[in-house]
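Here is how names work: the chains are called A, B, and so on, in the same order as the sequence lines, proteins then strands, and each is numbered from 1.
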Amino acid sequence: MELVQEAPFRFRIERRPPMRVPGVVFASRDLIAEDQALQQVVNVATLPGIVEASYGMPDLHWGYGFPIGGVAATDVRAGGVVSPGGVGFDISCGVRLLAADLQREELAPRLTRLMDILDATIPRGAGPGGVWKLSGRAQLDELLRKGARYAVEQGHGVARDLERCEDQGAVADADPDQVGDRAIKRGLGQVGSLGSGNHFLEVQAVEQVYDEKVAAAFGLRLGQVCVMIHCGSRGLGHQICTDHVRVMDKAMRRYGISVPDRQLACAPVESPEGRAYLGAMAAAANYSRANRQLLAEATRRAFQKVTGARLDLVYDVSHNLAKLERHDGRLLCVHRKGATRALPPHHPDLPPDLAPFGQPVLIPGTMGTASYVLAGVPDGKAFHSTCHGAGRTQSRHQAARMVSGRELRDRLEAQGIAVRGSSLRGLSEEAPTAYKDIDAVIAASTGAGLCRAVARLVPLGVVKG
DNA sequence: ATGTGC
């Protein structure tokens, strides 16, 4: 793949038919290793209605149809499409950060007990299980419509939590009627659970502050204890993606759409299939936000028991979602897959107290390594988007062959990180060596002008899905 | 990511 360097952290893939726009990858040469992911950037550039460019973030890697770390926007009024592959199977997978009124030294003598309680109370791993047992479909429909707002309404959290959530805790236009019976069935038993893979709940400490003023505005200070929760919409989101890809795969011909890869199945935003997917996707997004709200509440109870400390929500933001947004007067369907929205300072969707500083962006690192808090910048790029994490360099299978779960756990424990896993196999699949260097990804993200660094967090204890 | 694979 021919890459033309345009700036220190910006590469261009020239437009050639059938591409409708060029490809633009924000990264360093070292981070761009996979040709497969670049081919996917090219494939996405052929989608009907795509505008500006098919973008790649610094953590770009191969995914289903679209690359992970990909951003693509289509012009809704010009026949622009929506594609489930541009969101991913884990709809509205995202990150929530809570800040404790507690310093790491104060927690140290109680860390083991805290981790043991979290170990016993945070549902995780594949299959059913969750902190909230729903009474049935009617209650799930409410949750799908109102997301974290419903959880708070039912006593799981406080009103201030919602001010610090993207979309105030719920995406509009969720349509539970577009969620199939199988998805509903899978969703009923998993409300308030982490899941598996790279999902985690970490007790962390602020290890470095890059911008005192912004960190203070976000409620963060050096040495402070935080909790990061990374999870998504579980089997419900997965089933919705599966169901709607199938529908669109069949519908594409009727709309005269041809794509270079069937995994790019899509339909015009303004079509019955497009609207149906967006309605179901929004429902899954709300499931995901309620999920993080409920896990945050379970964590608050654990902290209350062990330390008496309070946990305030810093922010909750998704990195797998399509949104209808207005940019330069046009209504666009912005797909962010493994990419985080990063609103600039003074954007109307920011809560007033954060508006001068830009949106908090939460980047989970690999297990046992650092995580970051970033902020949106005035002259953001790729429709105000940035990276979402380290990005894989090895498949799960490859990773598991390199190191045993037991070895990895012992190594982390030797570093003083308390590990509460759900399976040793799961641990080995998430070995840090299977990922890009998070520090390099952040350096490229800030260097490319996608965001700026606010703070670096290190793990004290890991509850692993 | 996922009741992990057609």
Side-chain angles (χ1 to χ4, degrees), chain A residues 37 40 59-70 83-96 123-130 179-191 193-201 229-246 249 262-263 265 280-281 283-285 287-289 291-292 295 317-322 335-340 363-367 387-401 405 421-431 434-435 463-465:
Chain A
Q40 291 188 318
D59 48 340
L60 188 79
H61 61 115
W62 180 83
Y64 179 89
F66 284 57
I68 295 161
S83 173
V87 171
F89 277 86
D90 194 0
I91 296 167
S92 203
C93 177
V95 182
R96 163 176 294 227
R124 57 199 191 274
V179 180
D181 292 342
R182 267 175 108 174
I184 294 287
K185 202 173 163 202
R186 292 177 71 174
L188 271 170
Q190 300 182 323
V191 182
S193 64
L194 270 185
S196 59
N198 65 353
H199 289 165
F200 65 72
L201 187 155
I229 300 170
H230 177 205
C231 64
S233 51
R234 305 292 328 273
L236 178 122
H238 193 277
Q239 192 66 50
I240 286 171
C241 183
T242 304
D243 294 346
H244 287 261
V245 162
R246 193 165 301 156
D249 185 55
R262 276 182 80 173
Q263 295 184 354
M281 180 208 72
Y287 186 95
S288 172
R289 281 105 190 278
N291 201 15
R292 289 194 286 277
L295 290 172
V317 66
S318 164
H319 48 235
N320 279 5
L321 203 63
H335 301 72
R336 294 186 183 87
K337 179 187 192 179
T340 314
I363 306 297
T366 312
M367 178 177 56
C387 63
H388 88 300
R392 272 196 176 272
T393 55
Q394 286 175 2
S395 69
R396 294 180 190 289
H397 191 73
Q398 279 175 309
R401 269 196 325 213
S422 90
S423 78
L424 286 172
R425 165 85 193 187
L427 282 181
S428 65
E429 288 179 352
E430 293 303 318
Y435 283 84
V463 179
K464 199 77 190 74

* Would you kindly give the CD-to-P distance between A:E429 and B:dG5, to the nearest whole Å? => 12 Å
* Determine the contact category for A:G232: base if any of its heavy atoms lies under 4.0 Å from a base atom, sugar-phosphate if only primed atoms, P, OP1 or OP2 are that close, otherwise nothing. => nothing
* **Rounded distance in Å - NE2 (A:H238) to P (B:dG5)** => 8 Å
* Asked: A:G88 near the nucleic acid: base, sugar-phosphate alone, or nothing, with a heavy-atom cut-off under 4.0 Å?
  -> nothing
* To do: Could you check how far CZ of A:R425 sits from P of B:dT2, rounded to whole Å?
  => 15 Å
* Asked: A:S196 side chain N/O closer than 4.0 Å to the phosphate oxygens (OP1, OP2) of B:dT4?
  -> no
* Are any of A:R396's side-chain N or O atoms less than 4.0 Å away from OP1 or OP2 of B:dT4? -> no
* A:D249 bridged to A:R262 by N-O distance under 4.0 Å -> yes
* Nearest whole angstrom, please: distance from the C1' of B:dT2 to the CG of A:N291. => 14 Å
* Separation of A:F89 atom CZ from B:dT2 atom P, in whole Å? -> 12 Å
* Structure fact -> From OH of A:Y64 across to P of B:dT4 the rounded distance in Å is 18 Å
* Answer with base, sugar-phosphate or nothing: what part of the nucleic acid does A:G195 contact at a heavy-atom distance below 4.0 Å? => sugar-phosphate
* Asked: What is the distance, rounded to the nearest whole Å, between atom NZ of A:K185 and atom C1' of B:dT2?
  -> 16 Å
* Asked: Between B:dT2 atom P and A:R182 atom CZ, what is the distance in whole Å?
  -> 16 Å
* Identify the residue among A:Q398, A:H61, A:E430 that makes a side-chain hydrogen bond (donor to acceptor under 3.5 Å, both in side chains) with A:R392. => A:E430
* **Exercise: do A:S193 and A:R234 side chains pair donor with acceptor under 3.5 Å** => yes
* Ring centroid separation A:H230 to A:H388 under 6.0 Å -> no
